[in-house]
Amino acid sequence: MPTTQAPTNWAGNITFSAARLHHPDSADELRRIVSSADRVRVLGTGHSFNRIADTEGDLVNLDRLPHRVEIDPGKRTATIAAGMAYAHVAQALHAEGFALANLASLPHITVAGACATATHGSGSDQRCLAAAVAGLEIVGPDGEVIHIGRDEDPDRLNGAVVGLGGLGVVTAMTLDIEPTFDVAQWVWTGLPLDRLDDSFEEIFGAAYSVSVFTDWRSGEGVVWLKCRTDLPDPPEPGQPWLGARPANRHHHPVPAMPPLHCTEQLGAPGPWHERLPHFRPDFTPSNGDELQSELLLPREAASAAFAALRGLGDLIAPVVQVSEVRTVAADELWLSPAYGRDSVAFHFTWVPDHDAVIEVVAAMEEALLPLGARPHWGKLTAAAPERILSSYDRAGDFARLLAEHDPAGKFRNAYLEAYFPTG
């Protein structure tokens, strides 16, 4: 039975407007809900900070559908239930000797939600998580099941994967996999921020996955290197590097927070899924006292972006908990912020004060959008939709794909209508 109590997102800054929230426990029940609804959207873990998942109609959560992880070793793919969290998918894959190429910092998010918004991990050679999708199974507006595959229609798949929830309810996804691997995680503190500019390639090429944390005012950063044990590690563990000092204790991304729930550091090797995220899969996050925004820019704009953010440091620092810099490889997904270009990503975890934060976000976007910045689809932005879409070459193609898959607008909401109006 559906519930009528208004749910909120993970951070608590969004109370959804839905008349009903459903938790179907079978594919048939899901199809009945979709076919009978006037408006419907899917709610995953709610780890978005805007109204991308909102609707005044029916919200559907896929958390009670049966788990599914079907591995094809020959094709090196796994077909999984889209509503599963990455933590559960990763554990099942690792048990069979396989891995995903990358993971986000939080393993609790659902695969479908992460891919629909082009969420990413880190690594100069690693594309966003959605780029691993080789096929989709979607429940369309009439409850029918649609399949879109890389082998049959790769361009349509590139349009559909980062679908913003607008094409239907994604119930299964086929993902590229590879043999399992181990990772060791090291932390260096006190990195002079000038090094981000003059040693950019050395820093972000130093490991399989690299993150730099800072507040943009202190003049220093903390570097997390996640090193595959089957690849060479350029920095010498335990030694100073580029002016930074090797950590002798565990760290949390937010300096004031205890590191109890962070993944193992200090060079202790472990399975990929227990090191690539920043947080352990056995830690279930409660509502977060935070807001988030993120901008991805062409990698060649990194130097100008560093200068702009340091110039705004006195404005950013009072309301930021931490900012994270990562790199992401180019992909071909129409609405990916890394579409067509190797990118540098600037992520911000803010204090939970929307009015103060959105003023700072607007100032940053005024500085960074002219450099080619694209906001993350699931986070805060102050930029007008038409300004954001102007940097996406395939935005018009995506609008046509929406109309083709959902001509009556069953899966539309105010968020989608702002970016892709029907008329």
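When a residue number appears, it is its place in the shown sequence, counting from 1.
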*Asks:* Quickly, which of T8, T55, L43 forms a side-chain contact (heavy atoms from CB on, under 4.5 Å) with F16? Name it, please.
*Replies:* L43
*Asks:* Is the NZ or CZ atom of R51 both under 6.0 Å from the centre of the six-membered ring of Y415 and within 45° of that ring's axis?
*Replies:*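 Geometry flag: not set, cation outside 6.0 Å or 45°.
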*Asks:* Partners of A395 by side chain to side chain contact (heavy atoms under 4.5 Å, CB included), sequence neighbours excluded?
*Replies:* L389, Y392, F420
*Asks:* Does either side chain, that of S209 or that of Q126, offer a donor lying less than 3.5 Å from an acceptor on the other one?
*Replies:*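 No pair is found: no donor N or O on one side chain lies under 3.5 Å from an acceptor on the other.
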*Asks:* Using a 6.0 Å cut-off, check whether atom CG of D72 has over 12 heavy atoms from anything other than its own residue.
*Replies:*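 Atom CG in D72 is packed in, count exceeds 12.
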*Asks:* Under 3.5 Å, is there a donor-acceptor pair between the side chain of S124 and the main chain of F204?
*Replies:*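 Confirmed, S124 side chain pairs with F204 backbone.
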*Asks:* Short question: side chain of R64, backbone of H22 - any donor-acceptor pair under 3.5 Å?
*Replies:*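 Between the backbone of H22 and the side chain of R64 there is no qualifying donor-acceptor contact (under 3.5 Å).
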*Asks:* Which heavy atom of P255 sits nearest a heavy atom of Q321, and at what distance?
*Replies:*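 Answer, listing the atom of P255 first, then Q321: CD-O, 3.9 Å.
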*Asks:* Sequence neighbours excluded, which residues qualify as side chain to side chain contact (heavy atoms under 4.5 Å, CB included) partners of A418?
*Replies:*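 With sequence neighbours excluded, A418 shows a side chain to side chain contact (heavy atoms under 4.5 Å, CB included) to P385, given in chain and number order.
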*Asks:* Evaluate the side-chain contact (heavy atoms from CB on, under 4.5 Å) criterion for residues V361 and W350: first the C-alpha distance (whole Å), next the side-chain angles of each, then the deciding distance (0.1 Å), finally the verdict.
*Replies:* CA-CA 10 Å; V361 169; W350 305 101; 4.0 Å; yes
*Asks:* Could you tell me whether a side-chain N or O of D142 sits under 3.5 Å from a main-chain N or O of E144, the two making a donor and an acceptor?
*Replies:* no
*Asks:* Is the number of heavy atoms from other residues, nucleotides or ligands under 6.0 Å of D153 CG greater than 12?
*Replies:* yes
*Asks:* Among I148, V145, V169, exactly one meets side-chain contact (heavy atoms from CB on, under 4.5 Å) together with I138. Which residue is that?
*Replies:*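 Between I138 and the candidates, side-chain contact (heavy atoms from CB on, under 4.5 Å) is satisfied uniquely by I148.
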*Asks:* Taking 4.0 angstrom as the limit, do R31 and E137 come out as a salt bridge?
*Replies:* no
*Asks:* Does the pair R394/D155 count as a salt bridge with the N-to-O cut at 4.0 Å?
*Replies:* yes
*Asks:* Assess, by modelled atom type and distance only, whether the side chains of Q292 and H347 contain a donor and an acceptor separated by less than 3.5 Å.
*Replies:* yes
*Asks:* Strictly below 4.0 Å, N to O, side chains only: are D331 and R127 in salt-bridge contact?
*Replies:*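 Looking at D331 and R127, the cut-off is not met.
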*Asks:* Between N61 (side chain only) and G44 (backbone N and O only), is there a donor and an acceptor less than 3.5 Å apart?
*Replies:* yes
*Asks:* Evaluate the side-chain contact (heavy atoms from CB on, under 4.5 Å) criterion for residues L164 and I52: first the C-alpha distance (whole Å), next the side-chain angles of each, then the deciding distance (0.1 Å), finally the verdict.
*Replies:* CA-CA 7 Å; L164 311 183; I52 189 171; 4.2 Å; yes
*Asks:* Can you confirm whether or not the ring centre of F181 sits under 6.0 Å from the ring centre of F98?
*Replies:*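 Not close enough - the centres of the two rings lie 6.0 Å or further apart.
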*Asks:* Hey, is D282 close enough to R280 for a salt bridge, meaning N to O under 4.0 Å?
*Replies:*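 Looking at D282 and R280, the cut-off is met.
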*Asks:* Take atom CD in E359; do more than 12 heavy atoms of anything else shown fall under 6.0 Å from it?
*Replies:*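 Not more than 12 within 6.0 Å, no.
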*Asks:* Is any NZ, NE, NH1 or NH2 atom of the basic residue among E417 and R412 found under 4.0 Å from an Asp or Glu carboxylate oxygen of the other?
*Replies:*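 R412 and E417: salt-bridged.
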*Asks:* For the pair D176 and R150, find out whether any cationic side-chain nitrogen is under 4.0 Å from an anionic carboxylate oxygen.
*Replies:*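 Counted as a salt bridge, because a side-chain N and a carboxylate O are separated by less than 4.0 Å.
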*Asks:* Tell me whether Q91 at atom CD has more than 12 heavy atoms from other residues, nucleotides or ligands lying less than 6.0 Å away.
*Replies:* yes
*Asks:* Suppose we call two aromatic rings close when their centres sit under 6.0 Å apart. Are F213 and W224 close by that rule?
*Replies:*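 Distance test on ring centres: under 6.0 Å, yes.
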*Asks:* Taking the six-membered ring for Trp and the single ring otherwise, decide whether the centroids of Y419 and W377 are under 6.0 Å apart.
*Replies:*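 Ring-ring flag for Y419/W377: true, centres closer than 6.0 Å.
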*Asks:* Just checking E96: does its CD atom have more than 12 heavy atoms from other residues, nucleotides or ligands closer to it than 6.0 angstrom?
*Replies:* no
*Asks:* In terms of side-chain geometry, is the basic nitrogen of E56 or R41 positioned less than 4.0 Å from the acidic oxygen of its partner?
*Replies:* no
*Asks:* Identify the heavy atoms of R76 and P179 that sit nearest to each other, and give their distance.
*Replies:* NH1-CD, 3.4 Å
*Asks:* Would you check, one step at a time, whether the test side-chain contact (heavy atoms from CB on, under 4.5 Å) holds for I177 with L93?
*Replies:* CA-CA 8 Å; I177 58 176; L93 290 176; 4.0 Å; yes
*Asks:* How are the rings of W10 and H47 set relative to one another: parallel (under 30°), tilted (30 to 60°) or perpendicular (over 60°)?
*Replies:* tilted
*Asks:* Determine whether T263 and K226 satisfy the following criterion, side-chain contact (heavy atoms from CB on, under 4.5 Å), listing intermediate values before the conclusion.
*Replies:* CA-CA 11 Å; T263 48; K226 301 172 188 281; 4.1 Å; yes
*Asks:* Give a yes or no on whether a salt bridge exists between R387 and E366, defined as a side-chain N under 4.0 angstrom from a carboxylate O.
*Replies:* yes
*Asks:* Starting from the C-alpha separation in whole Å, work towards a yes-or-no answer on salt bridge (charged side-chain N to carboxylate O under 4.0 Å, His left out) for E294 and R326.
*Replies:* CA-CA 11 Å; E294 186 173 36; R326 292 174 286 181; 3.4 Å; yes
